[in-house]
Amino acid sequence: SGSHPIHLGEDLSCLKKSDPQHPVVSLKPSPYHIVLVEVGSLRAGQIPTPHRGVRNDAWDADHVKMPYSTHNEYEQSFRLGKKLRWDIITKALGKKLFTTVRDLEDAIKKYNKKYENTWKFDALHSFFRSLKEAASIYFLQIVIPKMAKLALQLPNICPKPIPLLKRGQSRAITMSQEQAACLLANAFFCTFPRRNATQGNSEYANYPSINFNTLFEEGRSSKREKLRTIFCYFSQVVNEMRTGLLTFERRSEHVDPERWRKSKAKFTKLHVSNKGSIEESGAGMLQVDFASSIVGGGVLGHGLVQEEIRFLINTELIVSRLLTEKLDHHECLIVTGAEQYSSYSGYKGSFRWEAPMEDTTERDRWHRRCIQILAIDAIHVQDPRDQFKSKSIERDLNKAYCGFKDSFIPQEQRLAI
């Protein structure tokens, strides 16, 4: 009939999907796996209790420097001396409502005085101008005050020091969706210390940005669509907090160079299609984020391709930017449980937020959505021909192997990719 085939290879139904009965092992803290909630508090439909830990204030190179730390001091003046920055944040965000966008901008600048004359909020102003009056009032007077209240609960919701996922170390962090929401609310209000400097010699030069000031800059239409997606997430969680868990796992895996030369393995089942999307067609599978080595890429800037779109619609992925140092050639990041909050259309300049989405994906035994997203970055080359050189091919094979391998799961139980 001349019609084109819908797909090549195996049917999607033949590929291995996630099983809500996994993982079969119990959730248990270890030096490799940091758990930020009380495991015994896990109940379906209930927000888990935060784990307090032994230390409550870790201000060092191995942990997230928290806004409420007693080490986070603010230099007021020579005469007035230093003041705890958290006290200034609490006063600035503690107001009951924000009447205008300028009120929000002024509040953020109160504890970011260093950037008072350099940070621009054009995109944020443009976004609110694009809204109907009722929507603008709803966000300013209802949603944003609830976000501020959530952000200020940080000492109670995230009392345990949160380790950084550093280069050369395999480590996992499991947290509640409430903890992720609280961290993201603080990112929105730009409260994370030491994360604004971008110079090559700055403390976090090798980490992604996390404070949202770069998202608020320059009022392009793409920024407005990003903000619609971000506010869609916050509108949902401040009114009905999610009760599940999320796991952020960094894997560092050195591969024997002889592995590929000696391997006799054959390709397994393969499905090829020019229709659909990874998040829809790949439901229940290990889903690849074609990532930047700085995870999330330009999600808080101007980027708007596959990785940035995924971080917007599965908004909890943005938390990985707080935690994850730049990926090395032999490393990857796997996030399990990040929920989808928005539907969208388009790509790059045509991207549009469409509507809130109710994610009905089943949860596993650790109360995580059965959604696994793997961030792996391809080698960056100037000349496209260089990617086909044996050294480049081997590098990308090793990167994929790091992400696809799972020593704890038998081969026959591993998810399709």
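Residues take their numbers from the sequence shown, with the count starting at 1.
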* Can you see which heavy atom on C402 is nearest to which on C332, and at what distance? => SG-SG, 3.5 Å

* To do: Check whether any side-chain heavy atom of I210 lies under 4.5 Å from a side-chain heavy atom of I318, and answer yes or no.
  => yes

* **Proximity of Y74 and Y111 rings by center, below 6.0 Å** => no

* Would you indicate whether the side-chain heavy atoms of L150 and I157 approach each other to under 4.5 Å? => yes

* Assess the side chains of E339 and Y233: does a donor N or O sit below 3.5 Å from an acceptor N or O? => no

* Could you pull out the closest heavy-atom pair between L36 and P161, with the gap in Å? => CD2-O, 4.2 Å

* Asked: Side chains of L104 and F121: does their closest heavy-atom pair fall under 4.5 Å?
  -> no

* **No-hydrogen, no-angle side-chain donor-acceptor test under 3.5 Å, E325 and N206** => yes

* Does R102 come within less than 4.0 Å of E105, counting only side-chain N to carboxylate O? -> yes

* To do: Start with the C-alpha gap between L327 and K399, add the side-chain angles, then the distance that decides, and say whether side chain to side chain contact (heavy atoms under 4.5 Å, CB included) holds.
  => CA-CA 10 Å; L327 297 176; K399 174 73 72 165; 4.0 Å; yes

* Using atom types as modelled and distance alone, determine if a side-chain donor or acceptor of S170 lies under 3.5 Å from a backbone N or O of S252. => yes

* To do: Take D289 and V335, measure what side chain to side chain contact (heavy atoms under 4.5 Å, CB included) needs, and give me the verdict at the end.
  => CA-CA 10 Å; D289 159 22; V335 182; over 6 Å; no

* Do F139 and L131 have side-chain heavy atoms sitting under 4.5 Å apart? -> yes

* Asked: Cut-off 3.5 Å, side chains only: do T336 and Q372 have a donor facing an acceptor?
  -> yes

* **Side chain R368, main chain R365, donor-acceptor under 3.5 Å** => no

* With distance as the sole test, does R242 use its side chain to make a donor-acceptor pair with the main-chain N or O of V237 at under 3.5 Å? -> no

* Counting N and O atoms only, with roles assigned by atom type, does the side chain of Q306 sit under 3.5 Å from a partner on the main chain of V288, one being a donor and the other an acceptor? -> yes

* Asked: Under a 4.0 Å N-O cut-off, is there an ion pair linking E218 with K223?
  -> no

* Atom CH2 of W353 and atom CD1 of I230: how far apart are they, to the nearest 0.5 Å? -> 12.5 Å

* To do: Flag the pair D377 and R395 as a salt bridge only when some basic side-chain nitrogen lies within less than 4.0 angstrom of an acidic carboxylate oxygen.
  => yes

* Asked: S343 and E354: side-chain donor and acceptor closer than 3.5 Å?
  -> no

* Donor-acceptor under 3.5 Å (K28 side chain, V39 main chain) -> no

* Between CD1 of I88 and CD of E73, what distance do you get to the nearest 0.5 Å? -> 10.5 Å

* Asked: Quick check: are there more than 12 heavy atoms from other residues, nucleotides or ligands sitting under 6.0 Å from NZ of K326?
  -> no

* Which is it for V101 and R129 under the side chain to side chain contact (heavy atoms under 4.5 Å, CB included) test, yes or no, and what are the steps along the way? -> CA-CA 10 Å; V101 185; R129 284 196 300 269; over 6 Å; no

* Does R251 use its side chain to pair, donor to acceptor, with the backbone of G403 at less than 3.5 Å? -> yes

* Measure the SG-CG distance between C190 and N112 for me, rounded to the nearest 0.5 Å. => 6.0 Å

* Atom CG of D103 and atom CG of L140: how far apart are they, to the nearest 0.5 Å? -> 8.0 Å

* To do: May I ask you to check whether S209 and R321 show a side-chain donor-acceptor distance below 3.5 Å?
  => yes

* **More than 12 heavy atoms of other groups within 6.0 Å of E362 CD** => no

* Asked: With a 4.5 Å heavy-atom cut-off, do S130 and R228 have their side chains touching?
  -> yes

* Asked: Is it true that a side-chain atom of R167 and a backbone atom of E331 form a donor plus acceptor pair closer than 3.5 Å?
  -> no

* Min side-chain heavy-atom separation P193-W59 under 4.5 Å -> yes

* To do: Taking S69 for its side chain and M66 for its backbone only, find out whether a donor-acceptor pair lies under 3.5 Å.
  => no

* Hey, what do you get for CD1 (I34) to CZ (R171), rounding to the nearest 0.5 Å? -> 4.5 Å

* Looking only at side chains, do R369 and T361 share a donor and an acceptor under 3.5 Å apart? -> no

* Begin with the C-alpha distance, continue with both residues' side-chain angles, and end with the deciding distance and a verdict on side chain to side chain contact (heavy atoms under 4.5 Å, CB included) for Y207 and L164. => CA-CA 10 Å; Y207 285 79; L164 295 166; 3.6 Å; yes

* **Donor-acceptor contact present, side-chain E307 to main-chain A291, <3.5 Å** => no

* **Closest approach of D328 to R250 (non-hydrogen atoms, all atoms of both residues)** => N-NH2, 4.1 Å

* To do: Verify whether one side chain among E316 and Y341 offers a donor that lies under 3.5 Å from an acceptor in the other.
  => yes

* Structure fact -> All heavy atoms of K226 vs all of V299, minimum pair found to be NZ-O, 3.1 Å

* Are any non-hydrogen side-chain atoms of N72 and F192 less than 4.5 angstrom apart? -> no

* To do: Would you kindly say whether T191 and N186 are connected by a side-chain donor-acceptor distance under 3.5 Å?
  => yes

* To do: Could you tell me which non-hydrogen atom of P163 sits nearest to which non-hydrogen atom of I173, and how far apart they are?
  => O-CD1, 3.1 Å

* Less than 4.0 Å between a side-chain N and a carboxylate O, is that true for K391 and E394? -> no

* **Pairwise distance CG(D386) to CD1(I393) - rounded to 0.5 angstrom** => 11.5 Å

* How about T174 and T247: does a side-chain donor come under 3.5 Å of a side-chain acceptor? -> yes

* Asked: Would you call V64 and L183 a side-chain contact if the rule is heavy atoms closer than 4.5 Å?
  -> no

* Determine yes or no for a side-chain-to-main-chain donor-acceptor pair under 3.5 angstrom, with K146 supplying the side chain and F234 the backbone. => no

* Structure fact -> Shortest non-hydrogen pair, S292 vs G297, comes out as CB-CA, 3.9 Å

* Centroid-to-centroid, F216 to F188, below 6.0 Å? -> yes

